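Structure first, commentary second.
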Number of protein chains: 2
Amino acid sequence: MAEDNVRSQMRKGVLDYCILCILSRKEAYASAIIDELKAADMIVVEGTIYPLLIRQKNQGLLSYRWEESTQGPPRKYYFITEKGRSQLEEMDAAWTELVDSIGKLRNQ
Amino acid sequence: MAEDNVRSQMRKGVLDYCILCILSRKEAYASAIIDELKAADMIVVEGTIYPLLIRQKNQGLLSYRWEESTQGPPRKYYFITEKGRSQLEEMDAAWTELVDSIGKLRNQ
DNA sequence: TAGAATACCTTGCAATACAAGATATAAAAA
DNA sequence: TTTTTATATCTTGTATTGCAAGGTATTCTA
């Protein structure tokens, strides 16, 4: 297993959380979200992001609006809903607990 | 998505790490590993653990020995290999980086 | 002798992330 | 004008993972 796979395996399961974190501050379109994730050293590709955003939208966590762009095709700006904010709070708690669990396991 | 699913989704990807953490301290058989995970609030079931241990053994990260038990059937004690310890170091680094990335995303 | 407790393992399913490729718009270059 | 480049969106197929459910085997106890 290459080092890359180690990191990519660990990313599984927290991407939903990451998306909600980003959109909790301001609306964004997919490519911009990918750029933000990269800036935080979370490498994610398009084939991962698009289905994920659609899933979260279908769950009512996100909504979106189209906006024209002078740089190319129109952009789909996603923004978080009230339900999404509740979910984010739950995820904050879950993340804290996970970090705590790993801490217990790692340091005896 | 129920609160349980939020936590279970986040657990994905760190179970390999958890197993190596536990076995880095002392050898153990599957049921004992599950008990340790439960003690750290990481709920995992047999159907998850057995295939996972077999995978890690096939990757050369673990090895095992049989030991008779007076309480029932013989136990398969797994222990970490040198390769497993290297892997654990990589996972420590990956975990630290992941926590760091989430921190960046969450706190602006 | 039957049941309970302990331990191992497998099968089939659903969900996730990724690689690869398809489609569409607008600007720039030929 | 036509082609290329850049920017966007999205889909399809695949591998992996974790889980629910069920199956097998050993030892002790009632």
Side-chain angles (χ1 to χ4, degrees), chain A residues 1-2 4-20 27-38 42-59 61-62 64-78 91 94 98 101, chain B residues 1-2 4-20 27-38 42-59 61-62 64-78 91 94 98 101:
Chain A
M1 199 189 298
D4 248 15
N5 290 8
V6 171
R7 295 210 61 197
S8 117
Q9 166 67 6
M10 278 194 182
R11 275 196 300 272
K12 287 180 202 297
V14 297
L15 275 180
D16 277 287
Y17 181 40
C18 293
I19 301 298
L20 292 185
E27 62 177 13
Y29 61 104
S31 302
I33 293 174
I34 292 176
D35 289 343
E36 277 213 51
L37 288 170
K38 277 186 189 153
M42 293 273 301
I43 307 304
V44 178
V45 296
E46 297 182 341
T48 300
I49 280 292
Y50 284 101
L52 195 158
L53 288 170
I54 291 167
R55 279 200 304 273
Q56 292 192 325
K57 193 259 305 172
N58 289 341
Q59 288 168 9
L61 308 178
L62 304 180
Y64 67 84
R65 63 180 181 79
W66 285 101
E67 185 171 304
E68 297 296 318
S69 165
T70 56
Q71 312 284 0
R75 296 168 176 173
K76 203 172 188 176
Y77 277 84
Y78 282 93
M91 285 181 164
L98 182 64
S101 288
Chain B
M1 198 188 297
D4 247 16
N5 291 6
V6 171
R7 296 210 59 196
S8 112
Q9 166 67 7
M10 277 195 183
R11 275 197 298 271
K12 288 180 200 298
V14 296
L15 274 180
D16 277 288
Y17 182 40
C18 293
I19 301 298
L20 292 185
E27 62 177 13
Y29 61 104
S31 302
I33 293 174
I34 291 175
D35 289 344
E36 278 213 50
L37 288 170
K38 277 186 189 151
M42 293 273 302
I43 308 303
V44 178
V45 296
E46 295 184 342
T48 300
I49 280 291
Y50 284 101
L52 196 159
L53 288 169
I54 291 168
R55 279 201 302 274
Q56 292 192 325
K57 192 260 303 171
N58 289 341
Q59 287 167 10
L61 309 177
L62 304 180
Y64 66 84
R65 64 181 181 80
W66 285 101
E67 185 171 304
E68 297 296 319
S69 165
T70 55
Q71 312 284 0
R75 296 169 176 172
K76 203 171 186 175
Y77 278 84
Y78 281 92
M91 284 180 164
L98 182 63
S101 289

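Chain A is the first sequence line, chain B the second, and so forth, proteins listed ahead of strands; every chain is numbered from 1. Just so it is clear, the model here is predicted, and its values are computed rather than measured.
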- Task: Applying ring-ring contact (aromatic ring centres under 6.0 Å, His included), run through B:Tyr29 and B:Tyr77 and close with a yes or a no.
- Result: CA-CA 4 Å; B:Tyr29 61 104; B:Tyr77 278 84; 5.3 Å; yes
- Are B:Lys12 and D:dT16 close enough that a side-chain N or O sits under 4.0 Å from OP1 or OP2? no
- Note on the structure: Nearest-nucleotide check on DNA chain C, B:Gly72 vs A:Thr48; residue mapping nearer the 5' end is B:Gly72
- Query: Of the nucleotides D:dA8, D:dT17, D:dT27, which one has an atom closest to the side chain of A:Gln9?
  - Reply: D:dT17
- Query: When you check the phosphate oxygens OP1 and OP2 of D:dT17, does a side-chain N or O of B:Arg11 lie under 4.0 Å from one of them?
  - Reply: no
- Message: Without decimals, in angstroms, what is the distance between B:Ile54 CD1 and C:dT11 P?
- Response: 11 Å
- Note on the structure: Of A:Pro74 and A:Leu52, the one whose nearest nucleotide on DNA chain C sits closer to the 5' end is A:Leu52
- Message: From C-beta outward on A:Val44, which listed nucleotide comes closest to its side chain: C:dC8, C:dC18, D:dC19?
- Response: C:dC18
- Euclidean distance, atom OH of residue A:Tyr50 to atom C1' of D:dT9 [Å, nearest integer]: 5 Å
- Whole angstrom is fine here: how far is it from CD1 in B:Ile34 over to P in C:dC9? 12 Å
- So, is B:Ser31 close to the C:dT6 phosphate, meaning a side-chain N or O under 4.0 Å from OP1 or OP2? no
- Message: If we ignore hydrogens and angles and just use 3.5 Å, is the side chain of A:Arg11 paired with the main-chain N or O of A:Ile43 as donor and acceptor?
- Response: yes
- A:Lys57 NZ - D:dC10 C1' separation (whole Å): 13 Å
- Task: Could you tell me whether the phosphate oxygens of C:dC8, OP1 or OP2, come under 4.0 Å of any side-chain nitrogen or oxygen in B:Tyr29?
- Result: no
- About how many Å separate CD of B:Glu46 and CD1 of B:Ile34, when rounded to the nearest 0.5 Å? 5.0 Å
- C:dC18 base to A:Glu46 side chain: any donor-acceptor pair below 3.5 Å? no
- Item | Short side-chain N/O contact to D:dG18 OP1/OP2 from B:Arg55, under 4.0 Å | yes
- Message: Output the rounded distance in Å from CE (B:Met10) to P (D:dC19).
- Response: 15 Å
- Item | Value rounded to 0.5 Å, distance of CG in B:Leu20 from CG in B:Leu15 | 11.0 Å
- Item | Closest-nucleotide ordering on DNA chain D, the 5'-leading residue of A:Pro51 and A:Arg75 | A:Arg75
- In whole angstrom, what separates A:Ile33's CD1 from D:dA8's P? 13 Å
- Note on the structure: Taken to the nearest whole Å, CD1/A:Ile49 to C1'/C:dA20 is 17 Å
- Tell me which nucleotide among D:dT26, D:dA8, D:dG18 gets nearest to the side chain of B:Leu15. D:dG18
- Message: I want to confirm an ordering. Mapping B:Ile43 and A:Tyr78 to their closest nucleotides on DNA chain D, which one lands closer to the 5' end?
- Response: A:Tyr78
- Message: Within the 4.5 Å heavy-atom criterion, are A:Ile19 and A:Leu61 side-chain neighbours or not?
- Response: no
- Query: To the nearest Å, how far apart are A:Asp16 CG and C:dA17 P?
  - Reply: 6 Å
- Message: Nearest to the side chain of B:Lys76, heavy atoms from C-beta on, is which of D:dC10, C:dC8, C:dC18?
- Response: C:dC8
- Query: Could you give the distance from CZ (A:Arg65) to NZ (A:Lys76), rounded to the nearest 0.5 Å?
  - Reply: 13.5 Å
